[in-house]
Amino acid sequence: MDHLNPPTGSKTCAVVTGGARNIGLAISQRLVRDGFRVIVLDIDDPEDPALRLDAIRVDLSDRTAAAIAFDQVASSYSVKVLVNNVGIVRPALFDDIDPDDFDRVLNLNTRTALIAAQALVPVMRRLGGGRIVMNTSRVTLGKAARSVYSASKGALQSMARTWALELARDQITVNCVAPGPIATTAFWQNNPPEAVLTRDLIAAIPLQRMGSPGDVANAVSFFCAPEAGFVTGQTLFVCGGVTVG
């Protein structure tokens with residue numbers, strides 16, 4: 001794990017897990033534009049050089065390393081926003097699921113969110129409130145070959161609703177952004193462009209286009225804004241209309 005850079009000034013901070021590329025990168029860049037100092041925690045350096053100063057390279061699937069990293073962030077930064085974005089998929093049809101993948105996916109996608117929140121919520125309490133946003137997925141409504149992934153994201157949505165109730169007295173809101181088909185490297189790895197199922201999926205999007213990481217970042221930005229202070233326990237699908245019918 002890389003060491004933290006000494007904090008400078010008193011700028012309000014946002015933490016984004018898995019913020020080095022794709023959707024996480026877009027979220028990080030948008031929160032910077034919104035005025036936050038963004039700390040990215042990822043296994044790799046951010047693709048955007050401007051985010052590298054405060055980035056922490058850490059394997060968040062390693063429970064001990066993750067706990068150390070979040071504790072160091074909590075002791076060094078004025079964190080008012082946590083975006084639990086990190087995730088892996090491990091697609092497999094029912095008969096082919098590797099039970100070991102259940103642990104791998106749930107540990108990274110779901111356990112990390114708990115470790116992060118338990119470390120950073122005390123900071124938010126001292127600061128008078130905050131925002132937690134879970135990046136989940138439309139697959140929580142059902143998609144073939146996504147048993148394990150949907151379980152991890154569904155767990156995040158359930159936890160968000162519970163945390164929303166428990167943390168409301170601290171003025172900490174907890175919401176979810178659930179992306180639909182978004183054009184990322186992970187999407188194309190798990191949905192080969194030449195596959196019939198992929199072509200059918202794209203053709204079925206009511207808005208007739210794939211979503212972009214920026215579309216997801218816009219929704220995260222909304223939940224993190226002061227104007228969204230009366231919205232908690234909600235899931236916003238950013239899916240081009242896929243979840244409507």
For a side-chain contact (heavy atoms from CB on, under 4.5 Å) check, start with the C-alpha distance between Met159 and Asn84, then their side-chain angles and the critical distance, and finish with the verdict.
CA-CA 12 Å; Met159 285 202 306; Asn84 286 309; over 6 Å; no
Identify, with sequence neighbours excluded, every residue that meets side-chain contact (heavy atoms from CB on, under 4.5 Å) alongside Arg199.
Val196
Looking only at heavy atoms, what is the nearest atom pair of Ala178 and Gln157, with distance?
CB-OE1, 4.1 Å
Side chain to side chain donor-acceptor pair (under 3.5 Å) contacts touching residues 145-154 (sequence neighbours left out)
Asn109-Ser152
Is there side-chain contact between Leu41 and Val86, with at least one heavy-atom pair below 4.5 Å?
no
Thr110 side chain to Ala155 backbone, donor-acceptor under 3.5 Å:
no
Applying salt bridge (charged side-chain N to carboxylate O under 4.0 Å, His left out), which residue pairs with at least one partner in residues 121-137 are found, sequence neighbours left out?
Arg125-Asp170
Smallest heavy-atom separation, Arg57 atom then Ile43 atom, equals CD-O, 3.8 Å
Using every non-hydrogen atom in the two residues, find where Ala164 and Thr232 come nearest and quote the distance to one decimal.
CB-OG1, 3.4 Å
Heavy-atom closest pair, residues Pro213 and Thr184:
CG-CG2, 4.1 Å
Linking I/L/V/M/F/W/Y whenever their side-chain heavy atoms sit closer than 4.5 Å, directly or via other members, would Val121 and Leu60 fall into one cluster?
yes
Same apolar cluster: Ile205 and Trp188, side chain cutoff 4.5 Å
yes
Once rounded to the nearest 0.5 Å, what's the spacing between atom CG of Asn107 and atom CG of Leu114?
11.5 Å
Say you draw a straight line from OG of Ser137 to CZ of Phe237; how long is it, rounded to the nearest 0.5 Å?
8.5 Å
Sorted by chain and residue number, the salt bridge (Lys or Arg N to Asp or Glu O under 4.0 Å) partners of Arg209 (sequence neighbours excluded) come out as Asp215
Under 3.5 Å, sequence neighbours excluded: what are the donor-acceptor pairs made by side chains of residues 88-104?
| residue | atom | partner | partner atom | Å |
| --- | --- | --- | --- | --- |
| Asp98 | OD1 | Asp100 | N | 2.9 |
| Asp101 | OD1 | Arg104 | NH1 | 2.6 |

Can you find a pair of side-chain heavy atoms, one from Val79 and one from Cys13, that are under 4.5 Å apart?
yes
Residue pair Met124 / Leu167, side-chain heavy-atom distance below 4.5 Å
no
Applying side-chain contact (heavy atoms from CB on, under 4.5 Å), name anything that partners Ala119, two or more places apart in sequence or on another chain.
Phe70, Asp71
List the atom of Ala203, the atom of Gln208, and the distance in Å for their closest heavy-atom pair.
O-NE2, 3.7 Å
Taking atom CZ of Arg161 and atom CD of Glu166, what is their separation to the nearest 0.5 Å?
13.5 Å
Tell me, please, which residues at least two apart from Asp62 pass salt bridge (Lys or Arg N to Asp or Glu O under 4.0 Å).
none
Apply side-chain contact (heavy atoms from CB on, under 4.5 Å) to Ala195 and list each qualifying residue two or more places apart in sequence or on a separate chain.
Pro192, Thr198
Could you list the residues that satisfy salt bridge (Lys or Arg N to Asp or Glu O under 4.0 Å) with Arg30, not counting sequence neighbours?
Asp34
When rounded to the nearest 0.5 Å, the distance separating CD1 of Ile132 from NZ of Lys80 is 12.5 Å
Over all atoms of both residues, closest heavy-atom pair of Gly128 and Gln171
O-CB, 3.7 Å
Does a side-chain heavy-atom distance below 4.5 Å link Pro206 with Val244?
no
List for me each residue that meets salt bridge (Lys or Arg N to Asp or Glu O under 4.0 Å) alongside Asp44, sequence neighbours excluded, and say none if there are none.
Arg21
Does a side-chain heavy-atom distance below 4.5 Å link Leu156 with Cys176?
no
Could you work out the complete set of other residues in the hydrophobic cluster of Val81, with links drawn between I, L, V, M, F, W and Y side chains under 4.5 Å apart?
Val16, Ile23, Leu25, Ile27, Leu31, Val32, Phe36, Val38, Val40, Leu51, Val83, Val133, Val177, Ile182, Val216, Val220, Phe222, Phe223, Val231, Leu236, Val238
Would a hydrophobic clustering, with Ile, Leu, Val, Met, Phe, Trp and Tyr connected at side-chain separations under 4.5 Å, put Val105 with Ile115?
yes
So do Asp48 and Ser28 actually touch side chain to side chain, heavy atoms under 4.5 Å?
no
Under the side-chain contact (heavy atoms from CB on, under 4.5 Å) test, residues paired with Ser61 that sit two or more places apart
Asp59, Leu108
Please confirm whether the backbone N or O of Asn135 pairs with a side-chain atom of Asn85, one donor and one acceptor, at under 3.5 Å?
no
Kindly indicate whether the side chain of Val15, heavy atoms from C-beta on, has any atom under 4.5 Å from the side chain of Tyr77.
no
